[in-house]
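For the single chain, residues carry numbers from 1 onward in sequence order. Counting starts at 1 for both ligands and their atoms, following the listed order.
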Amino acid sequence: MSNYHIKHLEEYYQVYRKSVREPENFWAEVAEEHFMWRKRWNTVLNWDFEKPEIKWFEGAQLNITENCIDRHLRTKGNQTAIIFEPNSPEDEAEHITYQQLHDRVCQMANVLKDKGIKKGDRVCIYLPMIPELAIALLACARIGAIHSVVFAGFSSKALASRINDSSCKMVITSDGSYRGSKTIDLKGIVDESLELCTTVEHVLVVNRIDSEITMKSGRDVWLQPLLDKASTICEPEIMNAEDPLFILYTSGSTGKPKGMVHTTGGYMVYTAYTFKNVFQYKDGDVYWCTADIGWITGHSYIVYGPLANGATTVMFEGVPQYPDFGRFWQIVEKHKVNQFYTAPTAIRALGKQNISFVENCDLSSLKVLGSVGEPINEEAWHWYNDNIGKHKSPIVDTWWQTETGGIMITPIPYVTPTKPTYATLPFPGIQPALLDEEGQELKGNQVDGRLCIKFPWPSIARTIWGDHQRYKDTYFSAFNGMYFTGDGALRDEVGYYRITGRVDDVIIVSGHNLGTAPIEDAINEHPAVAESAIVGFPHDVKGNALYGYVMLKETGESRDQNNLRNEINQLIKDRVGAIAKLDKIQFTEGLPKTRSGKIMRRILRKIASKDLSNLGDTSTLLNPECVQVIIDESL
Ligand code: WTA
């Protein structure tokens, strides 16, 4: 029996039960039937959550690009692999066939080799959403180099810290990028960051916006002339299943981002299998995920998952509001998109616009709608269902994380009955558990607690680059023998899961994970600032916005507060990136602290949300008197 494609609910339960009772047989069957291995594995799974150590398909050999490209060439060489929709609707879309993708990936791989990149070297990719971005990932994978994509909205400092953390030898970037009506000087940002880096030997530059840039001789070179000369044949490097495929940084509760390491075999199997089922992708469909490849969603569900299934995947360079708020729907109509995957923050922003933007477009091609990145609120869910899905296209609310590599809890469309704001049921192979604060597992339904996973799945991140201890501390120490997600969740009366949000110091703003620590560190660099604390508060488009409580060094000082606010936000923009700017800044004379000196964010969060009804017991604080002062100042 093939478990690869689940088509009805009974089959889901059957497959799910098998995946829990005999996980190894289950995954071996999926892996065996649907992928191309150069050598079969010796063991399906070796794991120990105490160490922690997780190995899938040990002994197997493969190259993921053979699975994503070469094996489709015979039957789908002329089928479109990637549809590139540029920033401006005036510019023509580009259709890249599987054969063309093969040739371009090989050419880029040969350029990387020429520049001395070898198996295991780290290559930083800092590019806008243009075809070269997807091609660069695949070119690295072709030769066994480890890609580390940094979202091209991060600042030069953030880029530098990521380049340094994994000692990248090369950066692939572009002269600049288009963003709606603006352009962004990406090469300038790279130049600034490289002042702080010593390991980068070469910078390859894509010409995207034809801008005047400085090229440092011996280091920087335009990519296109090299590609033009390169051979379209590049033998794939044979990789072990557990060789690293990529590093992707995500925020943590300390200042330093965590370089999550994903490996080759398990990641491929899991992203491909989830893609097939979660989107019910059928040959000939056109699939569009609006994420940026700079995030895990783009890695797994624009590039690897779709291409491993021989799908047609859309890459959109632009933004939802340019040239107007109808852009997404015009793209759906233009390319006859069948599966559309986006984030709640985009749904909320688009839901606020005149409905004619939607009504002017023919959305009848749509079959499945997806949501990812943060909890989708009831109103946004209904707007999506009523206006975009028109009650015909099921919404898959997919819960997962950078660390999990692929979708973990989700409805399967046309299979799992959906319920607004619920991610519903675990995907086959996923064994969730809810725990109370004492670490007791909450059995049965109608419970809520901290969301953990009891058993490994093939695409779990294997470590944090250069810091295995932190990997252990962050994910495997809170609850004995389980992977802790950092999220809270509830299980309803039928066993459906609803994710309630982060229970740690990570705040999700417009679907982007932001750690409070690096933002506070940036604020504290301001000479006038003594201390600060960041919390999230509800925002009707972004989901959460950031609220900063800032204590100044000299309280009597009469500085212009608006100037200070601007300076603080400028610092945040430079150190972290524009996405981390604060919506509100409250200057305060004290921050509530526990006796051990920790800032009580719980109280600050309530004040920021104007929820003063139940502040809890403040008498145990070191400085309980400051709470009322902060409340009064906030009004
Ligand atoms: C949140 C994105 C509720 C969650 C793929 C998680 C969600 C964090 C959902 C990971 C969802 C993601 N419902 N919350 N459907 N999807 N999250 O690493 O808090 O960027 O831990 O991965 O986003 O964000 P990340």
Side-chain angles (χ1 to χ4, degrees), residues 149-151 153-154 246-253 257-262 267 270-271 274-275 278 289-305 341-348 369-378 380-381 384 395-411 416 418-427 430 432 448 450-453 459-461 464 474-475 478 483-490 496-516 536 542-544 579-580:
V149 181
V150 177
F151 171 63
F154 275 118
F246 66 86
I247 301 169
L248 186 61
Y249 287 88
T250 188
S251 309
S253 32
K258 298 175 289 194
M260 304 313 306
V261 178
H262 283 284
Y267 177 83
Y270 195 78
T271 53
T274 46
F275 174 78
V278 174
C289 166
T290 70
D292 192 290
I293 291 175
W295 311 114
I296 190 70
T297 306
H299 281 60
S300 302
Y301 299 109
I302 296 178
V303 182
Y304 290 112
Y341 191 27
T342 196
T345 184
I347 300 167
R348 288 189 295 263
L369 302 179
S371 170
V372 61
E374 56 182 309
I376 178 165
N377 51 305
E378 188 112 22
W381 195 97
Y384 203 24
I395 296 175
V396 289
D397 177 1
T398 63
W399 172 83
W400 58 296
Q401 310 179 292
T402 304
E403 295 86 338
T404 70
I407 294 168
M408 302 284 283
I409 302 183
T410 179
T416 320
T418 59
K419 175 173 175 181
T421 76
Y422 281 74
T424 74
L425 296 171
F427 194 76
I430 306 306
D448 76 276
R450 317 219 144 181
L451 178 61
C452 294
I453 313 289
S459 66
I460 182 174
I464 292 175
T474 311
Y475 304 108
Y483 166 83
F484 174 47
T485 65
D487 282 320
L490 63 82
Y496 274 15
Y497 288 86
R498 177 187 192 187
I499 313 303
T500 46
R502 301 292 307 186
V503 294
D504 57 9
D505 288 342
V506 172
I507 305 171
I508 304 198
V509 177
S510 298
H512 301 313
N513 283 12
L514 299 173
T516 49
K542 302 186 205 178
N544 294 296
I579 47 178

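At a 4.0 Å heavy-atom cut-off, the residues surrounding ligand 1 are Ile296, Thr297, Val372, Gly373, Glu374, Pro375, Asp397, Thr398, Trp399, Trp400, Gln401, Thr402, Asp487, Ile499, Arg502, Ile508, Asn513, listed by chain and number.
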Apply ring-ring contact (aromatic ring centres under 6.0 Å, His included) to residues Tyr475 and Phe484 and explain how you reach the verdict. CA-CA 5 Å; Tyr475 304 108; Phe484 174 47; 8.6 Å; no
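Applying the side chain to side chain contact (heavy atoms under 4.5 Å, CB included) test to Arg498 and every residue at least two apart in sequence or in another chain returns Thr421, Tyr422, Leu490. Residues satisfying the side chain to side chain contact (heavy atoms under 4.5 Å, CB included) test with Pro426, not counting sequence neighbours, are Tyr12, Tyr16, Ile430, Pro432, Tyr497. With sequence neighbours excluded, the residues forming a side chain to side chain contact (heavy atoms under 4.5 Å, CB included) with Thr290 are Trp288, Phe328, Phe340, Thr342, listed by chain and number.
Aromatic ring pairs are classed by plane angle as parallel below 30°, tilted from 30° to 60° and perpendicular above 60°; the pair Phe246 and Tyr267 is perpendicular. Aromatic ring pairs are classed by plane angle as parallel below 30°, tilted from 30° to 60° and perpendicular above 60°; the pair Phe427 and Tyr270 is perpendicular.
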